[in-house]
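Read the structure below first, then the notes.
Keep in mind the model is a prediction, meaning the values are calculated, not measured. Lettering of chains follows the sequences in order, A, B, ..., and the numbering in each one begins at 1.
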Amino acid sequence: MGAELTRRWFSRPAPIVAPALLGRHLVRRLADGTVCRVRIVETEAYEPDDPASHSYRGRTRRNGSMFGEPGQLYVYLIYGIHHCLNVVTGSAGHGGAVLVRAAEPLEGRRAMERHRGTTDPRALCRGPGRLAASLAVDRGSDGIDLLGSSELWLEPGEAVPADRISRTRRVGISVGADTAWRWVETGSRWATPTPTPTPRA
DNA sequence: TCCCCGATTAACT
DNA sequence: GTTAATCGGGGAG
């Protein structure tokens, strides 16, 4: 097996990187030195030819980092309230990214509880907005290089084997339902509920 | 400049 | 099940 979590590793297409990120550790060092560590259990892939992707209409001030180097962080604000954390994939300028939707808290739970205002462990990182809040990630962290940052980085952890990964349609997105996907560790209690098929019109 | 809507969440009924 | 919270992109005027 080749080296993991290198620039080249992230330069592959989002639908390849997304399932390969399951089981990996996302590590955050806060300003006071506290370390928070979570294990990724749910991801979604976005490519620039996807109408649901922020890169679909080209580069703007908001999505600029999505066109940066693979392995960079792309953080955006959704509904004016919640931040979502993405890892840039594909070659620089491509506009691919993987949204990290949920994770299992491993370390630094006290700090995450403080950030989230709850002690329910399942409510800490289950959902993209919650995960970003737990790790105190907002637009100020947009563009961070996850391969060279002492504030936020990825560690190999233990990849989830293919037979323990489920592929579903993405959450809250109807467009591209047959071509773009969400990946989740099968049966994980730390993931968001698996979406039900789109009801008949 | 105005208007609509979205890769969401929590607090309602 | 429904809705408010509230920011930024994009298209219409």
Side-chain angles (χ1 to χ4, degrees), chain A residues 10 13-19 21-22 26 38 40-68 70 72-90 94-103 105 112-144 146 166-185 188-201:
Chain A
F10 288 102
I16 300 296
V17 176
L21 275 175
L22 299 181
L26 183 59
V38 303
I40 297 171
V41 301
E42 180 179 344
T43 57
E44 282 179 359
Y46 290 86
E47 288 285 14
D49 63 350
D50 170 6
S53 173
H54 287 181
S55 58
Y56 182 66
R57 291 167 221 276
R59 186 173 187 146
T60 66
R61 184 187 348 276
R62 177 205 211 186
N63 68 13
S65 61
M66 203 172 167
F67 293 85
Q72 272 187 205
L73 186 67
Y74 168 49
V75 180
Y76 65 87
L77 185 61
I78 186 73
Y79 298 114
I81 299 176
H82 306 289
H83 293 277
C84 295
L85 187 155
N86 304 253
V87 182
V88 175
T89 59
H94 174 68
V98 173
L99 170 67
V100 183
R101 289 190 49 87
M112 293 190 248
E113 291 172 352
R114 189 173 67 247
H115 296 148
R116 287 276 299 112
T118 177
T119 57
D120 177 356
R122 290 191 69 209
L124 292 180
C125 304
R126 192 180 59 169
R130 292 165 165 178
L131 172 64
S134 269
L135 298 180
V137 167
D138 59 20
R139 283 288 284 173
S141 298
D142 181 54
I144 279 183
L146 297 172
S166 300
R167 192 187 72 172
T168 77
R169 75 177 186 80
R170 295 177 297 183
V171 177
I173 300 185
S174 52
V175 67
D178 295 329
T179 54
W181 309 100
R182 158 185 180 264
W183 286 268
V184 57
E185 181 181 29
S188 174
R189 63 190 296 260
W190 305 103
T192 65
T194 294
T196 54
T198 307
R200 306 289 309 272

* If only side-chain N and O atoms of A:Arg57 are considered, is one of them under 4.0 Å from the OP1 or OP2 phosphate oxygen of C:dG11? -> yes
* Separation of atom OH in A:Tyr76 from atom C1' in B:dC5, rounded to whole Å -> 14 Å
* Asked: Mind checking who C:dT6 pairs with, Watson-Crick or G-U wobble, both distances under 3.5 Å?
  -> none
* To do: Pick base, sugar-phosphate or nothing for A:Arg62, based on heavy-atom distances below 4.0 Å to the nucleic acid.
  => sugar-phosphate
* Atom CG of A:Leu77 and atom C1' of C:dC7: how far apart are they, to the nearest Å? -> 5 Å
* Do you see a donor-acceptor pair shorter than 3.5 Å between the side chains of A:Glu42 and A:Thr192? -> yes
* Asked: Does a side-chain N-to-carboxylate-O contact under 4.0 Å join A:Arg126 and A:Asp120?
  -> no
* Return the value, rounded to whole Å, for the distance between atom CG of A:Leu85 and atom P of B:dT8. => 14 Å
* Structure fact -> Among the nucleotides B:dA7, B:dA10, C:dG10, whichever has the atom closest to the side chain of A:Arg130 is B:dA10
* To do: Classify the nucleic acid contact of A:Arg139 as base, sugar-phosphate or nothing, counting any heavy atom under 4.0 Å across all strands shown.
  => nothing
* To do: Could you state the atom-to-atom distance from CG of A:Asp138 to C1' of B:dT8 in whole Å?
  => 16 Å
* Interatomic distance, A:His83 NE2 vs C:dA5 P [rounded to whole Å] -> 18 Å
* Report the distance from atom NE2 of A:His82 to atom C1' of C:dG8, rounded to the nearest whole Å. => 15 Å
* Tell which nucleotide pairs with B:dA7, taking only Watson-Crick or G-U wobble pairs whose two distances are both under 3.5 angstrom. => none
* Rounded P spacing from B:dC4 to C:dA4 in Å -> 15 Å
* Between A:Tyr79 and B:dG6, do the rings stack, that is, sit under 5.5 Å apart with planes less than 30° off each other? -> no
* Whole-Å distance separating the CG atom of A:Leu124 from the C1' atom of B:dT9 -> 14 Å
* When you compare C:dT3 with B:dC5, how far apart are their P atoms, in angstrom units rounded to a whole number? -> 15 Å
* Asked: Which atoms form the tightest heavy-atom contact between A:Ala191 and A:Val184, and what is the distance?
  -> CB-CG2, 3.4 Å
* Asked: Heavy atoms under 4.0 Å, any strand shown: does A:Leu99 hit a base, just sugar-phosphate, or nothing?
  -> base
* To do: Indicate, with yes or no, if the rings of A:His54 and A:Tyr46 have centres closer together than 6.0 Å.
  => no
* Asked: Between B:dA10 and A:Arg116, is there an OP1 or OP2 to side-chain N/O distance shorter than 4.0 Å?
  -> yes
* Reckon A:Asn86 touches a base, only the sugar-phosphate, or nothing at all at heavy-atom distances under 4.0 Å? -> base
* Asked: Could you give the CZ-to-C1' distance, from A:Arg170 to B:dG6, as a whole number of Å?
  -> 13 Å
* Testing A:Asn86, A:Val171, A:Thr168, A:Val100 for side chain to side chain contact (heavy atoms under 4.5 Å, CB included) with A:Glu44, which one passes? -> A:Val171
* Structure fact -> A:Ile173 has its side chain closest, among B:dA7, B:dT9, C:dG9, to B:dA7
* Asked: Between the side chains of A:Asn63 and A:Ser55, does any donor sit under 3.5 Å from an acceptor?
  -> no
* To do: Using the P atoms only, state how far B:dA7 lies from C:dG11, rounded to an integer number of Å.
  => 15 Å
